[in-house]
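Data block below; observations after.
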2 protein chains.
Amino acid sequence: METIEVLDPFTGYDIFKLACPSRRVLDRIADRWTALVLFALQDGTLRFSELRRRIEGVSQKMLTQTLRGLERDGLVTRQVFATVPVTVEYSLTPLGASLSSTIQGIRTWAYTHIDEMDAARDAYDSGAGAKA
Amino acid sequence: METIEVLDPFTGYDIFKLACPSRRVLDRIADRWTALVLFALQDGTLRFSELRRRIEGVSQKMLTQTLRGLERDGLVTRQVFATVPVTVEYSLTPLGASLSSTIQGIRTWAYTHIDEMDAARDAYDSGAGAKA
DNA sequence: CTGTATCCAGTTGGATACTG
DNA sequence: CAGTATCCAACTGGATACAG
C-alpha cells in the first residue's frame, strides 16, 4: 500500500492532503454565496441592503453569515456609521480584491463555455444517463 | 423599489440574477470535491482507485457522485475496460481541462496568501470576534 | 476493482419573529 | 437599516453492506 504524494514543486505542499492550505481556501469559497459577494464588491463599497438586493436569492441570514466569514478572514471590511437608522458599509480589503480577481476567471469561463456544458448535459441526460 | 441591474458589457448577462450561467458553474464547483478532482486529473488519466487514494478524505460515494456530475457536464470522460476485475479510467475533456486551468488560479492564490488569511482570522478571533 | 443501495447523523439554509 | 435568535425542512455526506 503505497501513498501517492504530489508535491507542488515551488511550495512543497501537497494539495490533495487534508492539511493543505488550498483546502481551507477552497472550503471558504465553496458555498453558494461567497463568490457572489466578492464579485458584488468588486465595483466598490456597498451597504448591506444594497448587497441584499443585488444578489438575487440571498436570505438576510445567509448574507450576514457570509459577510462575517469574509470579514473574519480579512477579505472584507465592515464600517458602521452611527446614523439613525444605522448604516453599514462593506468593502473588499486588498486581500479580498486579489482573491476576487482570481476567481473572476470562473465568471469569464462561465460566459464562454456554458453552452458546451449545457449541450453535454442534455446529451448525457438523453443518452448514457437516464435511459427512461 | 428600484431593481439593481449589473449587466456584463460584453455578454449582457447579469451575474447576480438567479438565471445567470455563472450561477450554474459556481454551483457545480462549489462543493468540497469537484475542484480537487479537476486538479487531480490535470496531470493525466487516473483510475478510480488512484483518484480515491490521491484525494485524501473522499469517500467512495462522494467520489463516484462527483465524477458522475463532471461526466454529465462534459468535463470528464469515463472509460471502462472489460478486465477482471473491471478497470475504469477518468480523464479531463478539453472543456474540463480549460475549467481546471481556470480554477488553478485559486490554488496559486492559496499558496501565496494563506498566511495573511490565517493571520486575519487569528486577529479576528482574539479581538472583535469572540470576546470570550 | 468499481460501483450501487440504504441508513442516518450532521450541516445548511430558508422563514419567521424580534431588537437597537 | 442591519442585524440576532429560533425553529425546522432539506440536503450533504459518511459508514456499511452488497453486487457485477
Side-chain angles (χ1 to χ4, degrees), chain A residues 1-2 4 18 23-24 26-37 40-41 45-72 76-91 124 128-132, chain B residues 1-2 4 18 23-24 26-37 40-41 45-72 76-91 124 128-132:
Chain A
M1 167 79 80
E2 64 198 303
I4 298 177
L18 284 169
R23 289 278 182 115
R24 293 211 297 291
L26 248 19
D27 283 349
R28 142 110 353 276
I29 323 180
D31 65 74
R32 257 226 282 312
W33 306 115
T34 299
L36 256 10
V37 171
L41 292 175
T45 299
L46 286 176
R47 299 176 51 183
F48 185 87
S49 50
E50 290 171 331
L51 275 168
R52 181 145 160 59
R53 259 176 300 153
R54 183 176 284 200
I55 302 172
E56 199 177 67
V58 236
S59 66
Q60 186 179 52
K61 175 183 169 181
M62 279 304 103
L63 183 54
T64 301
Q65 193 170 300
T66 302
L67 286 167
R68 286 295 167 279
L70 288 169
E71 195 193 352
R72 186 164 103 105
V76 156
T77 53
R78 176 172 180 271
Q79 261 194 97
V80 184
F81 298 93
T83 52
V84 185
V86 71
T87 302
V88 181
E89 288 187 352
Y90 291 93
S91 2
Y124 185 92
K131 300 209 169 86
Chain B
M1 169 78 78
E2 62 199 300
I4 298 179
L18 283 170
R23 288 278 182 115
R24 293 212 295 291
L26 249 17
D27 282 348
R28 143 112 351 277
I29 321 180
D31 65 75
R32 257 224 283 308
W33 307 115
T34 298
L36 256 8
V37 170
L41 291 175
T45 299
L46 287 176
R47 297 176 53 183
F48 185 86
S49 51
E50 291 171 330
L51 275 169
R52 182 147 160 56
R53 258 175 302 152
R54 183 175 283 201
I55 302 173
E56 199 176 67
V58 235
S59 65
Q60 186 178 53
K61 175 183 169 182
M62 279 302 102
L63 182 55
T64 301
Q65 190 170 302
T66 302
L67 286 167
R68 287 293 166 282
L70 289 170
E71 195 193 351
R72 186 163 104 106
V76 155
T77 54
R78 176 173 181 271
Q79 261 193 97
V80 184
F81 298 93
T83 52
V84 184
V86 72
T87 303
V88 181
E89 288 185 353
Y90 291 93
S91 2
Y124 186 92
K131 300 204 168 89

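Taking side-chain N and O atoms only, A:S49 has a distance below 4.0 Å to OP1 or OP2 of D:dA2. Contact annotation: A:R32 side-chain N/O to D:dT12 OP1/OP2 distance is not under 4.0 Å. Phosphate proximity of C:dG3 to B:R68: present, with a side-chain N or O under 4.0 Å from OP1 or OP2. The phosphate of D:dG3 has OP1 or OP2 within less than 4.0 Å of a side-chain N or O from A:Y90. Note on B:R52: every side-chain N or O is 4.0 Å or more away from OP1 and OP2 of C:dC1. Contact annotation: A:T87 does not reach the phosphate of D:dA2 (side-chain N/O to OP1 or OP2, under 4.0 Å). A:R53 has no side-chain polar atom (N or O) that falls below the 4.0 Å cut-off from OP1 or OP2 of D:dA2. Taking only side-chain nitrogens and oxygens, A:R47 comes nearer than 4.0 Å to OP1 or OP2 of D:dA2.
In the set D:dA2, C:dG3, C:dG13, the nucleotide with an atom closest to the side chain of A:M62 is C:dG13.
To the nearest 0.5 Å, atom CZ of residue A:R23 and atom CD of residue B:E56 are 6.5 Å apart.
Proximity of a side-chain donor or acceptor of B:R78 to a complementary backbone N or O of B:V88 within less than 3.5 Å is not detected.
Within the nucleic acid shown, A:V88 comes within 4.0 Å of sugar-phosphate atoms alone, with no base atom in reach, counting heavy atoms only. Using a 4.0 Å heavy-atom criterion, one finds that A:Q65 contacts no nucleic acid atom at all.
Counting distance only, with no hydrogens placed and no angle test, the side-chain atoms of B:Q60 and the base atoms of D:dG14 include no donor-acceptor pair under 3.5 Å.
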